[in-house]
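Being a predicted model, the structure only gives us computed values, none of them experimental. Lettering follows sequence order; numbering is per chain, from 1.
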There are 2 protein chains.
Amino acid sequence: MSARQVTLAEVAKQAGVSLATASRVLNGSTRQVSEDLSERVLRTAEELGYVPNASAQALARNSSSLVGLVVHDITDPYFSCIAAGVTRVAEAAGLSVVLGTTGRRPEREAELLSTLRAHRARAVVLAGSRTTDRAAQSRLAAEIDAFTEQGGRVACVSQAKLGTDTVVPGNRAGGRALARALAELGHKKFAVLGGPSELVVARDRLAGFKAGLADAGIAPPVVINGAFTRDGGYAAAMELLGSKSRSTCVFAVTDVMAMGAMAALRERGVRIPEDISIAGFDDIPTLRDTVPALSTVRLPLEEMGEIAAGLVLDAGGDEARTIRVAGEVVLRASTAHN
Amino acid sequence: MSARQVTLAEVAKQAGVSLATASRVLNGSTRQVSEDLSERVLRTAEELGYVPNASAQALARNSSSLVGLVVHDITDPYFSCIAAGVTRVAEAAGLSVVLGTTGRRPEREAELLSTLRAHRARAVVLAGSRTTDRAAQSRLAAEIDAFTEQGGRVACVSQAKLGTDTVVPGNRAGGRALARALAELGHKKFAVLGGPSELVVARDRLAGFKAGLADAGIAPPVVINGAFTRDGGYAAAMELLGSKSRSTCVFAVTDVMAMGAMAALRERGVRIPEDISIAGFDDIPTLRDTVPALSTVRLPLEEMGEIAAGLVLDAGGDEARTIRVAGEVVLRASTAHN
DNA sequence: GCAGCGCTGGAAAGCGCTTTCCCGCCACGC
DNA sequence: GCGTGGCGGGAAAGCGCTTTCCAGCGCTGC
């Protein structure tokens, strides 16, 4: 075993050409190589089963074919959809994506970025939602700077103003539109399962929702914070049920949280939507077949991943670009007239 | 911008030591370095914000800190769970995982492996399910050989006998146990939504299920093949409904397919489980809160990912190891007595 | 007292590529 | 006819590390 990998030098020798020529043939060079030499090299490479050493290429070119993708939890459909979009675009461009997961610890984001920098990744998309944690945030900003200084590009999903390209979902607008749609159903008393208060995505959706209620002249909702997960939704819903606040409609800032909340409600014998209406945000594909079908704000998650990857892969100017994608309110069976 | 990255040489010079010494200090070497030199190097590295160039290290060591992960579709919860397990273990070991997606095209698997080989990935876990496609299979085998010859390790999830380490879920045993459990509920007429016939995972589950029915002295099920996706389940269920075969219990070889099937049944006004019982396989966490709760065979997906990563990361002997993980039948509300 | 050993530090040879620079060749133009 | 310029090919200098090998040095053991 361990038959050493065939190298460019071997191919060159075998084909009777110089290293330089072989390199020029096998990798897009601006330089022209004559037809016959070129073909000879190609054939030998094929015969020998030559595979270029990516590390060596990266070293010589000072830029690799890696693009980073940082998510909190690949298990969360929100992230896996974005990941699908990113990988599709990256692979189509002949790049490999290295996946980093933070486990929702903000400081991991900077660590991962540093690793990616070590690998001379040519770009990275940060899909994790931004926190308001000051320390982590500045450490991250420093890493982003270091990364871009080194020539890499960075794009964020859903977290503007880091001075990078960004695809921004209409969190606020979506929350607002949803609130208005729900108000039109006749609901007057709302509760929001609000996710962690440090997460700007959660805050934006909540803020939008409040604005929407205000638009409709409805009193501010009860807000219960909790983890950005199924269990967080479950716990928040339980807390809500305990609180004796008689809301007729609940907005969970995430579909995944909404699922947890619905489980809690069911467990307590609360019927959806007869007793309480509930809505989420994201429109996770995996959850589209649930009963009752969840009202939500649809985000084109995979497309967002594609856009982010596109942003990060074509050179682009120096100024940070921001692409906004709108959320679309989708009312389904989990919300009823009141 | 593009302030070139700090190199080891700079650190060494700044610290007044040789390149060799700096290298020895900053990366685990067997060689001892005196306390004061060592500390001096560490401090300067810190001050200068030194980050080792992973490509250069990979080149010099002839082995990178990358581990590959190949899945069909990261959006599918089955794969994203496995991915979570793999990344957790890999990141804990200080490695980065590069994610490749095949989009369910078998030939992509070999391509990705080749890319991974180019990157000198030290290991790869193949989570995509094996097909019986002869050509793709042999191309893949060749790539696996090339990869291991080069010194990399390969582990597969759920596809034994490729001569690699493997974690094998009890597909057959799970299917069989499920069939028996369902038979005990009194069902006599079964249908199976069987996935694509080339996929061995699908075949194994089906074969196990048939065996279980035989154990119980029940006639073989109607089998309808279809894609290994939600839509495949939907279509297969529609076909089943059209076929006038009056089964009382349906087994979809995948939870995701079961979801599609349930959607189809509901659409046609078939009540679950009153009119038809339905069961899946995998016990996807995201789907645990659905109503009616899906009966299924639970697989510890994340753990399988962790095991695979573990297999592939600790050296291990030369003989291929096989770890079996059992599926556990979980009967819930989607299946009723008949 | 000295050969020999273990230990630390440094010089330098790669690792497998890319790319600059140079060289020889040919077609042109005057 | 010869200078020029363009062009295809090769030699070789890196890219930033690791690691082998050697030098020096303080000890130990006879």
Side-chain angles (χ1 to χ4, degrees), chain A residues 2-42 44-45 48-66 117-122 150-151, chain B residues 2-42 44-45 48-66 117-122 150-151:
Chain A
S2 271
R4 233 189 55 274
Q5 193 64 17
V6 306
T7 70
L8 223 213
E10 288 166 19
V11 174
K13 198 168 98 205
Q14 183 91 343
V17 303
S18 78
L19 204 51
T21 302
S23 170
R24 294 200 263 251
V25 170
L26 294 174
N27 311 284
S29 158
T30 41
R31 289 275 305 255
Q32 199 84 322
V33 174
S34 74
E35 185 66 21
D36 61 336
L37 281 200
S38 162
E39 197 199 326
R40 212 152 75 213
V41 171
L42 251 15
T44 352
L48 267 43
Y50 170 72
V51 175
N53 183 321
S55 309
Q57 286 187 310
L59 182 57
R61 295 185 175 143
N62 191 29
S63 125
S64 72
S65 57
L66 263 25
R117 181 153 61 99
H119 281 288
R120 298 297 183 276
R122 85 166 49 175
Q150 181 208 279
Chain B
S2 272
R4 232 189 56 275
Q5 193 64 17
V6 185
T7 72
L8 224 213
E10 287 166 19
V11 174
K13 197 167 100 204
Q14 184 90 343
V17 301
S18 77
L19 205 50
T21 302
S23 171
R24 293 200 264 253
V25 171
L26 294 175
N27 311 284
S29 158
T30 41
R31 289 274 306 257
Q32 199 81 325
V33 174
S34 74
E35 185 65 20
D36 61 335
L37 280 200
S38 161
E39 196 200 327
R40 213 154 74 213
V41 171
L42 251 15
T44 21
L48 268 43
Y50 170 71
V51 175
N53 183 321
S55 309
Q57 286 187 308
L59 182 56
R61 294 184 177 145
N62 192 30
S63 125
S64 74
S65 56
L66 262 24
R117 181 153 62 97
H119 282 288
R120 298 297 182 275
R122 81 166 52 174
Q150 180 208 283

Could you go through N27(B) and R61(B), starting from their C-alpha distance and side-chain angles, then the distance that decides it, and tell me whether this counts as side chain to side chain contact (heavy atoms under 4.5 Å, CB included)? CA-CA 12 Å; N27(B) 311 284; R61(B) 294 184 177 145; 3.8 Å; yes
Q5(B) vs R117(A), side chain to side chain contact (heavy atoms under 4.5 Å, CB included): CA-CA, chis, key distance, verdict: CA-CA 10 Å; Q5(B) 193 64 17; R117(A) 181 153 61 99; 3.0 Å; yes
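Computed from coordinates, the L59(A) CG to dT18(D) P distance equals 12 Å when rounded to whole Å. If you take CD of Q150(A) and C1' of dC15(D), they are 14 Å apart, rounded to a whole angstrom. What separates CZ of R61(A) from P of dC17(C) is a distance of 11 Å, to the nearest Å. When rounded to the nearest whole Å, the span between CG of N53(B) and P of dG16(C) equals 16 Å. The NE2-C1' distance, from H119(A) to dC17(D), rounds to 14 Å in whole Å. Atom CZ of R120(A) and atom C1' of dG16(D) are 9 Å apart (whole Å).
Of the candidate nucleotides dC15(C), dT18(D), dC15(D), dT18(D) has the atom nearest to the side chain of L8(B).
Side chains of L37(B) and V25(B) form no contact here, defined as non-hydrogen atoms less than 4.5 Å apart. R40(A) is listed as a side-chain neighbour of V17(A), based on a closest heavy-atom distance under 4.5 Å.
Nearest heavy atoms, S63(B) versus R122(B): OG-NH2, 3.8 Å. Here the closest non-hydrogen pair linking V11(A) and V41(A) is CG1-O, 4.1 Å. The nearest pair of heavy atoms linking S64(A) to A121(A) is OG-CA, 3.6 Å. When all heavy atoms are compared, the tightest approach of Y50(B) to T7(B) is CE1-C, 3.6 Å. Of all heavy-atom pairs spanning L66(A) and H119(B), the tightest one is CD1-CE1, 3.3 Å. What you find for S55(A) and L59(B) is that their closest heavy atoms are CB-N, 4.1 Å.
Side-chain nitrogen and oxygen atoms of Q5(B) include none within less than 4.0 Å of the OP1 or OP2 phosphate oxygen of dG16(D). Between dT18(D) and Q57(B), a contact under 4.0 Å exists linking OP1 or OP2 to a side-chain N or O. Residue N62(A) places no side-chain N or O under 4.0 Å from the OP1 or OP2 atom of dG16(D).
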Polar atoms only, N or O, under 3.5 Å: list the protein pairs with nucleotides 9-11 of chain C and their distances.
residue	atom	partner	partner atom	Å
dG9(C)	OP1	S34(B)	OG	2.6
dG9(C)	OP2	S34(B)	N	2.9
dG9(C)	N7	R31(B)	NH2	2.2
dG9(C)	O6	R31(B)	NH1	3.1
dG9(C)	O6	R31(B)	NH2	3.0
dG10(C)	OP2	S18(B)	N	3.2
dG10(C)	OP2	S18(B)	OG	3.4
dG10(C)	OP2	T21(B)	OG1	2.7
dG10(C)	N7	R24(B)	NH2	2.7
dG10(C)	O6	R24(B)	NH1	3.3
dG10(C)	O6	R24(B)	NH2	3.1

Each nucleotide N or O in nucleotides 26-28 of chain D that has a protein N or O under 3.5 Å away: list the pair and distance.
none

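Interatomic distance, CD of Q32(A) versus OG of S38(A), reported as 9.0 Å (0.5 Å rounding).
Relative to the axis of its first five pairs, the axis of the last five pairs of the helix from dG1(C)-dC30(D) to dC30(C)-dG1(D) sits at 50°, rounded to 10 degrees.
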